[in-house]
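Remember, predicted model here, so these are calculated numbers, not experimental data. We number each residue from 1, following the sequence as shown.
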Amino acid sequence: MRVAIYCRLSEEDRNKQNESDDSSSIQNQKTMLLQYSVAQGWDVFNIYSDDDYTGSDRNRPEFQRLLHDAEQHKFDIVLCKTQSRFTRELELVEKYIHGLFPIWGIRFVSIVDNADTANRGNKKSRQINGLVNEWYLEDMSENIRSVLTSRRQNGFHIGAFALYGYKKDPDQKGHLIIDEEAAAIVREVFTLFSQGHGKTAIARMLNDRGVPNPTEYKRLHGLRYQQPKQKNSTLWKYFAIADMLENEIYIGNMVQGKYGSVSYKSKQNKPRPKEQWYRVEGTHEPIIDRELWDRVQSLIAQRAKPFGGGSIGLFARKVRCANCGCTMRSSKNRGRHYLQCSSRHVAKDACIGSFISVEKLEQIVLAELNRLSAEYLDKDELERNIQFCDDLQAQKQRLYQALDVYRKKIDEYAKGVRELYLDKVKGVITERDYVDISRHFSAERERLGCLAENCRQQISELDARIEIGDNRKAIVEQYANLDHLTREMVEALIDYIVVDKRIPGTSDVPVEIHWNF
């Protein structure tokens with residue numbers, strides 16, 4: 001039998017000599033699992049080890065590699081110290097240990113808590129372990145959240161990175177102190193803006209002098225920083241200046257909690273309403289005095305007028321530069337509105353400088369929209385409609401498959417509740433454990449029931465769409481033969497637009513439209 005050993009450690013390792021070394025805890029896990037494998041007469045196929053990862057992290061690199069190799073059936077057994085080393089999520093216990101592993105012909109064994117899928121009698125104990133681990137994750141997340149909330153409310157800085165112009169106080173956790181080298185640039189930015197210089201002009205001044213932007217400054221000084229995603233990441237950009245000029249941290253106020261996590265199971269964050277931010281005044285030494293701050297805010301308010309007679313720009317936040325990916329900004333010249341790459345003027349070689357007039361872009365979008373209208377509203381295009389219905393039939397089949405899975409899971413939870421009751425009567429589990437676990441099982445049945453009902457509704461909607469034909473026709477029909485666009489139409493129809501540089505020797509500007517339908 002070929003065995004794959006999986007080890008994991010979630011705590012920050014204090015025993016490493018350098019980052020490439022395994023921690024002593026990982027080494028202990030490996031030793032224990034190797035000895036067990038030898039005693040069982042198993043051949044070790046590979047050792048997968050994730051250090052400094054939590055059990056709720058689904059993107060652990062070695063964990064993902066293990067799952068890929070398991071699907072290829074490169075081994076017969078997965079061996080861990082405990083089930084929680086593999087995962088702390090009940091959902092993944094059901095998906096892999098009780099679901100896919102048996103399909104792939106993989107046996108799961110954990111030593112300390114005696115989990116073994118070859119022993120059908122301890123399936124409920126594995127589920128209970130998974131449930132307890134799930135509760136542990138939720139409780140730990142809630143405890144951490146409450147601690148962080150308390151620290152935010154008391155004005156302590158809890159971010160991983162200090163704002164440009166500041167650095168973390170080595171003598172007082174959660175306190176910021178001024179980084180004079182960077183703070184001098186911050187003061188210059190505020191002063192230049194107060195003297196009438198625009199944000200793009202300020203960015204260009206800094207770039208022309210070779211001043212590194214905040215990310216590059218932190219990298220050069222060995223400070224923690226977030227890896228940039230865009231090209232020309234060492235340059236100052238319009239939005240970096242704009243964000244700096246409105247950040248209250250520069251006047252000594254701590255403002256945090258602008259983003260919040262979606263769930264303790266996900267690292268995804270989403271913006272929070274401004275009224276839910278944590279704002280505490282006077283927590284650290286200001287870089288900008290109040291008089292300069294107020295003057296800058298007044299200027300920002302005066303300039304923050306949407307163009308076009310008080311309405312938001314037609315393509316605002318919808319158009320991106322094909323070269324650098326930055327959002328194109330609006331400008332006005334001689335009564336005409338234009339869109340240009342926000343990186344175009346920040347430095348000489350920052351970007352090729354995509355540029356197009358709003359009028360020209362509107363005509364391109366209208367022409368493409370009218371072409372689609374004519375094409376999709378052509379009653380003779382039966383072949384396209386048949387193909388579309390085939391796609392809908394495939395969607396229906398996937399929904400039916402998902403519905404079947406949900407029904408089976410609901411039946412399993414119903415059966416689990418009945419078996420738990422018998423275990424309670426026999427004294428195998430306590431009354432309290434029975435109440436807690438059965439409550440969870442009932443909640444899962446209800447959740448799966450909602451998912452099943454949602455599937456049924458989607459199937460009904462697909463049936464209706466197949467009966468009336470391609471619903472894209474209905475969407476396009478209301479916008480047929482248009483001669484102008486409105487902001488509402490742009491929002492409804494367009495996801496985003498990519499604009500390239502004008503083709504030399506012509507007036508043609510390559511445009512790529514990504515529709516919402």
Side-chain angles (χ1 to χ4, degrees), residues 197-208 210 213 228-242 303 305-309 311-375 476 479-517:
H197 295 280
K199 299 167 187 175
T200 300
I202 295 171
R204 187 177 182 89
M205 291 179 192
L206 297 176
N207 290 329
D208 288 345
N213 70 357
K229 298 179 180 179
Q230 294 181 338
K231 299 178 182 179
N232 302 314
S233 59
T234 63
L235 296 174
W236 286 87
K237 303 287 181 66
Y238 171 90
F239 293 106
I241 302 297
R303 296 185 181 188
K305 296 179 180 178
F307 78 85
S311 60
I312 192 169
L314 184 62
F315 296 105
R317 293 286 182 176
K318 288 287 185 178
V319 187
R320 305 174 186 175
C321 173
N323 182 61
C324 67
C326 289
T327 302
M328 296 177 67
R329 292 177 51 222
S330 62
S331 62
K332 186 177 180 181
N333 186 23
R334 297 181 181 179
R336 298 185 67 186
H337 297 293
Y338 298 89
L339 292 167
Q340 59 185 344
C341 175
S342 57
S343 298
R344 178 172 179 164
H345 297 298
V346 300
K348 295 178 181 178
D349 301 319
C351 183
I352 59 171
S354 298
F355 182 88
I356 193 171
S357 71
V358 172
E359 181 182 0
K360 186 179 185 68
L361 182 58
E362 182 181 11
Q363 293 305 314
I364 291 173
V365 172
L366 283 170
E368 179 64 11
L369 187 58
N370 288 331
R371 185 190 69 79
L372 289 173
S373 299
E375 182 176 344
V476 176
Y479 299 110
N481 302 316
L482 294 173
D483 56 8
H484 74 282
L485 292 174
T486 65
R487 178 63 190 181
E488 291 73 23
M489 293 178 185
V490 172
E491 284 287 353
L493 293 170
I494 298 172
D495 183 14
Y496 65 93
I497 300 173
V498 178
V499 175
D500 212 330
K501 191 172 177 63
R502 180 176 60 84
I503 299 173
T506 73
S507 61
D508 296 332
V509 179
V511 172
E512 185 179 284
I513 306 171
H514 294 254
W515 302 99
N516 277 330
F517 57 89

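Here the CD atom belonging to E512 is positioned 6.5 Å from the OH atom belonging to Y496, to the nearest 0.5 angstrom. The distance from atom CG of L314 to atom OG1 of T486, rounded to the nearest 0.5 Å, is 7.5 Å. Atom CG of L206 sits about 13.5 Å away from atom NZ of K237, to the nearest 0.5 Å. If you take CD1 on I494 and NE2 on H514, they are separated by 11.0 Å, rounding to the nearest 0.5 Å.
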CA sep, side-chain torsions, deciding dist, call: R329, T200, side chain to side chain contact (heavy atoms under 4.5 Å, CB included) | CA-CA 11 Å; R329 292 177 51 222; T200 300; 2.7 Å; yes
Carefully, step by step, assess V509 and F355 under the rule side chain to side chain contact (heavy atoms under 4.5 Å, CB included).
-> CA-CA 8 Å; V509 179; F355 182 88; over 6 Å; no
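Smallest separation of non-hydrogen atoms from S354 and V499: OG-O, 2.9 Å. Nearest heavy atom pair, residue P510 against residue K501, reads CD-O, 3.3 Å. In this structure, M328 and L339 approach most closely via the heavy-atom pair CE-O, 3.4 Å. Annotation for I241 and I202: closest pair CD1-CG2, 4.0 Å, computed over non-hydrogen atoms.
V511 has its side chain within reach of I356: a pair of non-hydrogen atoms, C-beta onward, lies under 4.5 Å apart.
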For residues 360-367, tabulate all N or O donor-acceptor pairs below 3.5 Å that involve a side-chain atom, not counting sequence neighbours.
from	atom 1	to	atom 2	distance (Å)
K360	NZ	S507	O	3.3
E362	OE2	L485	N	2.8

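For the side-chain contact (heavy atoms from CB on, under 4.5 Å) test, residues two or more places apart in sequence or in another chain that qualify with R336 are Y338, S357, E359.
With hydrogens and angles disregarded, no donor-acceptor distance shorter than 3.5 Å links the side chain of R204 to the backbone of D208.
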